[in-house]
Amino acid sequence: MPDLNLLIDGVERSVEVGTTASDLYAEQRDVVAVRVDGELRDLAVALDGVSAVEAVTIDSPDGLSILRHSAAHVLAQAVQQVNPDAKLGIGPPITDGFYYDFDVEEPFTPETLKALEKAMQRIIKEGQTFRRRVVSDDEARAELAAEPYKLELIGLKGSGADASAAAEGAGAEVGAGELTIYDNLRRDGATAWKDLCRGPHLPSTRLIGNGFSLMRSAAAYWRGSEKNPQLQRIYGTAWPTKDELVAYKERLAEAERRDHRKLGAEMDLFSFPEEVGSGLPVFHPKGATIRMEMEDYSRRRHIEAGYSFVNTPHITKAKLFQTSRHLDWYAEGMYPPMHLDEVRDADGEVTRAGQDYYLKPMNCPMHNLVFSARGRSYRELPLRLFEFGHVYRYEKSGVVHGLTRARGFTQDDAHIYTTREQMRDELASLLSFVLDLLKDYGLDDFYLELSTRDPEKSVGDEATWDEATRVLEEVATSSGLELVPDPGGAAFYGPKISVQAKDAIGRTWQLSTIQLDFFEPDLFELEYTASDGSRQRPVMIHRALFGSIERFFGVLLEHYAGAFPPWLAPVQVVAVPVAEPFNDYLADVVAQLRAAGVRAEVDTGDDRFNKKIRTATKDKVPFVLIAGGEDAEAGAVSFRYRDGTQRNGVPVPEAISLITDAIRQRVQV
RNA sequence: GCCGCCUUAGCUCAGUCGGCAGAGCGUCUCACUCGUAAUGAGAAGGUCCAGGGUUCGAUUCCCUGAGGCGGCUCCA
């Protein structure tokens, strides 16, 4: 009696009434769930009344999320096994893994994580099944009376609010439609554990197998607000196979090897002296050399693109940041003021009022003052003011992170003043300028993000925001790159496009930002004289390309894993004599290289030849030049590259032009 | 800022159940050293993050602070 007709993986078929998806895919072990009429469901779902069903395999994005979400449930079961007093928060899948939040008396330790992993292993081996059960709000409240956080989630859902908006990850618990509880059933049918959950889940815990691992514990605010209590979060990862787990851990290890903080110390590039202060880097000679090259090339390109260079102080009176509204909006992100010039008499009475000076967190107010230093004509626009401007932001102590989140850093900051008519063309050419320049530093995989207005945190009228947003969107779209929306991500004064770049190991970094600003020109009453003699207000574009030089330095350091292309490498050539008698021969070659502007050194130390090769290789020097008797007699040198390949007997003049060409063309070797 | 962990030689890390502090690498010295990733020997190097407390005695235990790490919140 084949009386159900439906599309199965796109093929029209007939099945008996009462057939479930797991009947359908009984032979396919990698199918862990199904999409019925577009909705993800457990394999146990009956197909009555269904018009289309598709398999969800464990290695698909949906399948991986289901695997990880089920692993989170197993973790929670394990935690409550070990500690029955632990209260459950939420436990969603995330990129590469999952987490689960718990309210517990004592935070988790690495030892408890190990014990929990063992407990999870036992649950997995039991082969528990996940059973979905629809409950009413009241039933759920009764069953979960001992779980205060779950009750709160039920309340949120009841209030009609979007649960996923109310708490990141909460959507995985209560979803939008009916409320469901998932029971974990032992093989004898007994309920081992249960959790409020939208599902779907794996058919059996066995599928989590050997591919999971608990990674770390940390505190996290309940429902993501620092006003709420902190729960203890356990992060884990889960993969369909052990091999994939191992590969994932290897990716993490590779990222750790490339960590710019580690490479920065190893390669003697920069440090954060405790005596200076948290988040305030100092650059050592080699690091400063890389910076210099980064900046010099950028300067040259900016000159070619018609920018004017300015220089402004690091510190200014409070008035300037009152005008710019920074003190209204970001005072807590700024270093506290220095109160200067106050005079008191013998009684301690103020006889001359002092005033507050602030370290600058942004350069734009200063650049506005350059604009308004004299009358401006439409003929000067677009006026592009550029500065490597050092700024200071008082980042919270817990967020400071190497060069990527520092308290003092240098923006490659430009402010472009245009007419409204010029704005669109200027933005389009600006975006291609930005992308071209980033490519020259070795990054070439980009996407764009469009950050739009946050009504809670913005100045100005909606119509102006709409216009600005529309123009940015058009420019971004016409670049042909992928455009990802970032609603509410804009600064208070205008929407922005940000360029996200992927590095050598696939991580994305937010680099350049291009920000439209219709409001600061008002605040500073900026004006130019138009062709008809009227006074007009310019539009302002904020633009940082590296974002911060320090941060971009860190990104490049990790991207290249320290092996910079020759033009950026702090030491471009190390000359290694085969034995001491050839020191002078190589000193002469190095002198010629230096005369050609190459950063070259001879290793005249006491180490033996092989050790010198090893040292140069570990220092990631792009060109190692070797000479012994053969080379010296032929007036030649031999190249050894970082990967161990050789090019022997190259005549010195040819070697020099080979090196200088590679530097000039900014190629990697 | 919040939670947890950490801070010992220039670097990476041992160690001391409270009793004069250790290794490898690096540095320095001497000898050795002619073809592509570690020659050997010796030496120097420490307020065991800082301040306070407990103790006959603190690098070790307790408190406070600084700095770092992993998250959370934040990131103009």
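Each chain gets a letter, A, B and so on, in the order its sequence line appears, and its residues count up from 1. The structure presented is a predicted model; accordingly, all values stated were derived computationally and were not measured.
Taking the six-membered ring for Trp and the full ring otherwise, the centers of F553(A) and F283(A) sit less than 6.0 Å from each other.
With hydrogens and angles ignored, no donor-acceptor pair closer than 3.5 Å exists between the side chain of Y394(A) and the base of G1(B). In terms of polar N and O atoms assigned as donor or acceptor, the side chain of R640(A) comes within less than 3.5 Å of the base of A37(B) in a complementary pairing. Contact of R608(A) with U39(B) (side chain to base): a donor-acceptor pair of N or O atoms is detected under 3.5 Å. Between the side chain of S638(A) and the base of G35(B) there is at least one donor-acceptor pair of N/O atoms closer than 3.5 Å. In terms of polar N and O atoms assigned as donor or acceptor, the side chain of Q230(A) comes within less than 3.5 Å of the base of C2(B) in a complementary pairing. With hydrogens and angles ignored, no donor-acceptor pair closer than 3.5 Å exists between the side chain of R393(A) and the base of C74(B). Below the 3.5 angstrom threshold, one finds a donor paired with an acceptor across the side chain of D631(A) and the base of G35(B).
Among the protein residues, P361(A) comes within range of the nucleic acid bases, having at least one heavy atom under 4.0 Å from a base atom. Among the atoms of the strands shown, only primed sugar atoms or phosphate atoms (P, OP1, OP2) are found under 4.0 Å from some heavy atom of A220(A). Residue contacts for R216(A): at a heavy-atom cut-off of 4.0 Å it reaches the sugar-phosphate backbone alone, with no base atom in range. H401(A) comes within contact range of the sugar-phosphate backbone alone, with a heavy-atom separation under 4.0 Å but no base atom that close.
Picking from A37(B), A76(B), G35(B) the nucleotide with the shortest atom distance to the side chain of V578(A) gives G35(B). In the set A76(B), G1(B), U39(B), the nucleotide with an atom closest to the side chain of S397(A) is G1(B). Across A76(B), G26(B), A37(B), the shortest atom-to-atom separation from the side chain of R614(A) is found for A37(B). Side-chain atoms of A579(A) lie closest to C34(B) of the nucleotides U33(B), C75(B), C34(B). Of the candidates A37(B), A76(B), G35(B), A76(B) carries the atom nearest the A491(A) side chain, counting heavy atoms from C-beta on. Taking only side-chain atoms of K396(A), from C-beta outward, the nucleotide of A76(B), C74(B), A38(B) with the closest atom is C74(B). Among the nucleotides G68(B), G1(B), A76(B), the one closest to the side chain of S278(A) is G68(B).
U54(B) is unpaired under the criterion used here, namely a Watson-Crick or G-U wobble arrangement in which both key atom distances are under 3.5 Å. Look at U59(B): it lacks any Watson-Crick or wobble partner with both distances under 3.5 angstrom. Across all strands shown, G22(B) forms a Watson-Crick or G-U wobble pair, both distances under 3.5 Å, with C13(B).
Rounding to whole angstrom units, CZ of residue F609(A) and C1' of U39(B) are separated by 15 Å. Atom CZ in R405(A) sits about 10 Å away from atom C1' in U73(B), given to the nearest Å.
Between the side chains of S271(A) and H284(A), at least one donor N or O lies within less than 3.5 Å of an accepting N or O. A donor-acceptor contact under 3.5 angstrom links the side chains of Q668(A) and R642(A), judged on distance only.
The existence of a salt bridge linking E254(A) and R257(A) is confirmed by a sub-4.0 Å separation between a basic side-chain nitrogen and an acidic carboxylate oxygen.
Phosphate proximity of C72(B) to Y235(A): present, with a side-chain N or O under 4.0 Å from OP1 or OP2. OP1 or OP2 of C69(B) has at least one side-chain nitrogen or oxygen of R261(A) nearer than 4.0 Å.
A cation-pi arrangement is present between R233(A) and Y99(A) under the rule of less than 6.0 angstrom and at most 45 degrees off the ring axis.
Between G22(B) and A14(B), the distance separating the two C1' atoms is 7 Å to the nearest Å. Nucleotides C56(B) and G15(B) have their C1' atoms positioned 24 Å apart, rounded to a whole Å.
Residue A218(A) is the one, among A490(A) and A218(A), whose nearest nucleotide of RNA chain B lies closer to the 5' end (criterion: closest heavy atom).
F639(A) and Y641(A) have parallel rings, their planes meeting at less than 30° on a 0 to 90° scale where 60° marks the start of perpendicular.
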